[in-house]
Amino acid sequence: FVDLCSLPEISRREVLEKAAAEAQRSLHLGEGPLLRVILFDLGPEQGQRLLIVVHHLAIDGVSWRILLDDLWTAYQQKRRGDSIDLPDKTTSFKRWAERLTEYAQEAELDAEKPYWLSPQRRSIPALPVDLRRGENSEGSIKPVIVALDEEQTEQLLRKVPEIYGTQINDVLLTAFAQAVAPWTGSTAVLLDLEGHGREELFEDVDITRTVGWFTAVYPIVLDPGAESPPGEALKAVKEQLRAVPQRGIGYGLLRYLRDDEALRAELAA
């Protein structure tokens, strides 16, 4: 609990941000805590603010929705004087991990190996760098920020997807591939994509209300075509994204959970 009532308005934000930063830094993966909660009291006019900080290993984007929905439901029930009554829990994260480990050994996943081991993946050049022995750290990054105006944003979010039957990530990834591939001297680019990872793989598993970090990360080759017009490039990338088996979760299963050291080494390479 942090009482900001007695502070002048100009100082409140500074104290609040300092306390929030300290809460973030206090999380420790090995020793804990993995979660911090701070209630800030800004006085009768501005009310209270609740800060919830959780280590990413314990929570993903979908988990936030589950937690915040439950928190709001419990808050409303408490205000009405009702007893707190939340929906039942679903399959544990531990059981999900166990089922994934079992599934990774099944022959069904062998059909994905040609996709993840495609020879094309080995021919994609690396990004050019100025210094081969550079720091390669967050601190050495120089950001470049480009903003779209309202009309461009409307076209990007509404008009292009309607015309081409695409999603926003198709459009952004096409633009990314067209920008980066020529820089490397190639027509294609190899990059990692993240998915929510909550795939419906098992009939005996329900993770709709399970909190954890389910994210699936997988490498994909995108080739918009050399000097293709934007529309044709978008169609090509759209099809390449749709061709990813099981939205990419199989890559991690085969690389990290399959009991096959040779395959795991080949995927890592």
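Note that the coordinates shown come from a computational prediction; the quantities given were computed from them, not determined experimentally.
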Partner set under salt bridge (charged side-chain N to carboxylate O under 4.0 Å, His left out) for [X], not counting sequence neighbours:
| X | value |
| --- | --- |
| Arg36 | none |
| Arg80 | Asp82 |
| Asp223 | none |
| Lys78 | none |

In plain terms, say whether [X] and [Y] are close enough for a salt bridge, that is, a side-chain N and a carboxylate O under 4.0 Å apart.
| X | Y | value |
| --- | --- | --- |
| Glu203 | Arg99 | no |
| Glu162 | Arg158 | no |
| Asp69 | Arg209 | no |
| Glu239 | Lys235 | no |

Identify the two heavy atoms, one from [X] and one from [Y], that lie closest to each other, and give their separation to 0.1 Å.
| X | Y | value |
| --- | --- | --- |
| Asp60 | Arg198 | OD1-NH2, 3.1 Å |
| Tyr103 | Leu109 | O-CD1, 3.7 Å |
| Pro224 | Ala236 | O-CB, 4.4 Å |
| Pro143 | Ile141 | CD-O, 3.8 Å |
| Pro219 | Arg121 | O-NH1, 3.0 Å |
| Lys89 | Ser92 | NZ-CB, 4.2 Å |

Decide whether [X] and [Y] are clustered together by the hydrophobic rule: side chain heavy atoms of Ile, Leu, Val, Met, Phe, Trp, Tyr closer than 4.5 Å, transitively.
| X | Y | answer |
| --- | --- | --- |
| Val160 | Val237 | no |
| Val189 | Val221 | no |
| Ile38 | Leu27 | yes |
| Leu241 | Val217 | no |
| Leu257 | Ile207 | yes |

[Y] and [X], any side-chain heavy atoms less than 4.5 Å apart:
| X | Y | answer |
| --- | --- | --- |
| Ile249 | Leu201 | yes |
| Val171 | Thr166 | yes |
| Leu173 | Ile220 | no |

Going through the distances and angles, do Lys94 and Glu98 end up as a salt bridge (charged side-chain N to carboxylate O under 4.0 Å, His left out)?
CA-CA 6 Å; Lys94 177 177 182 288; Glu98 291 169 347; 2.7 Å; yes

Judged by atom type as modelled, is there a donor-acceptor pair below 3.5 Å linking the side chain of [X] to the main-chain atoms of [Y]?
| X | Y | result |
| --- | --- | --- |
| Lys238 | Gly165 | yes |
| Gln105 | Asp259 | yes |
| Gln24 | Ala20 | no |

Taking the hydrophobic residues Ile, Leu, Val, Met, Phe, Trp and Tyr, and joining any pair whose side-chain heavy atoms are under 4.5 Å apart, which ones share a cluster with [X]?
| X | value |
| --- | --- |
| Ile66 | Phe1, Leu35, Val37, Leu39, Leu50, Ile52, Val54, Ile59, Val62, Trp64, Leu67, Leu68, Leu71, Val211 |
| Val129 | none |
| Trp213 | Leu29, Leu34, Leu57 |

Just to verify, what does [X] make a side chain to side chain donor-acceptor pair (under 3.5 Å) with, not counting sequence neighbours?
| X | result |
| --- | --- |
| Asp88 | none |
| Thr210 | Thr90 |
| Thr208 | Asp206 |

May I ask you to check whether over 12 heavy atoms, not counting those of [X], lie within 6.0 Å of atom [atom1]?
| X | atom1 | value |
| --- | --- | --- |
| Leu127 | CG | yes |
| Glu106 | CD | yes |
| Asn136 | CG | no |
| Tyr115 | OH | yes |
| Glu135 | CD | no |
| Arg122 | CZ | no |

Nearest 0.5 Å please: distance from the [atom1] atom of [X] over to the [atom2] atom of [Y].
| X | Y | atom1 | atom2 | value |
| --- | --- | --- | --- | --- |
| Leu222 | Thr187 | CG | OG1 | 11.0 Å |
| Thr91 | Trp96 | OG1 | CH2 | 9.5 Å |
| Leu234 | Asp170 | CG | CG | 6.5 Å |
| Arg12 | Cys5 | CZ | SG | 6.5 Å |
| Thr153 | Leu148 | OG1 | CG | 5.0 Å |
| Leu100 | Arg95 | CG | CZ | 10.0 Å |

Listing request: all ring-ring contact (aromatic ring centres under 6.0 Å, His included) pairs with a residue in residues 216-269, at least two apart in sequence or in separate chains.
Trp116-Tyr251

Is it the case that the side chains of Thr73 and Asp70 hold a donor-acceptor pair, with the cut-off being a distance below 3.5 Å and no angle test?
no

Check Glu112, Glu199, Glu200 against Arg247 for a salt bridge (charged side-chain N to carboxylate O under 4.0 Å, His left out) and give me the one that passes.
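With Arg247 as partner, salt bridge (charged side-chain N to carboxylate O under 4.0 Å, His left out) holds for just one option, Glu199.
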
Step-by-step side-chain contact (heavy atoms from CB on, under 4.5 Å) determination, Val2 to Leu16
CA-CA 8 Å; Val2 177; Leu16 188 149; over 6 Å; no

Got a list of side-chain donor-acceptor pairs under 3.5 Å for residues 261-269, not counting sequence neighbours?
from   : atom 1 : to     : atom 2 : distance (Å)
Arg264 : NE     : Arg255 : O      : 3.2
Arg264 : NH1    : Arg258 : O      : 3.4

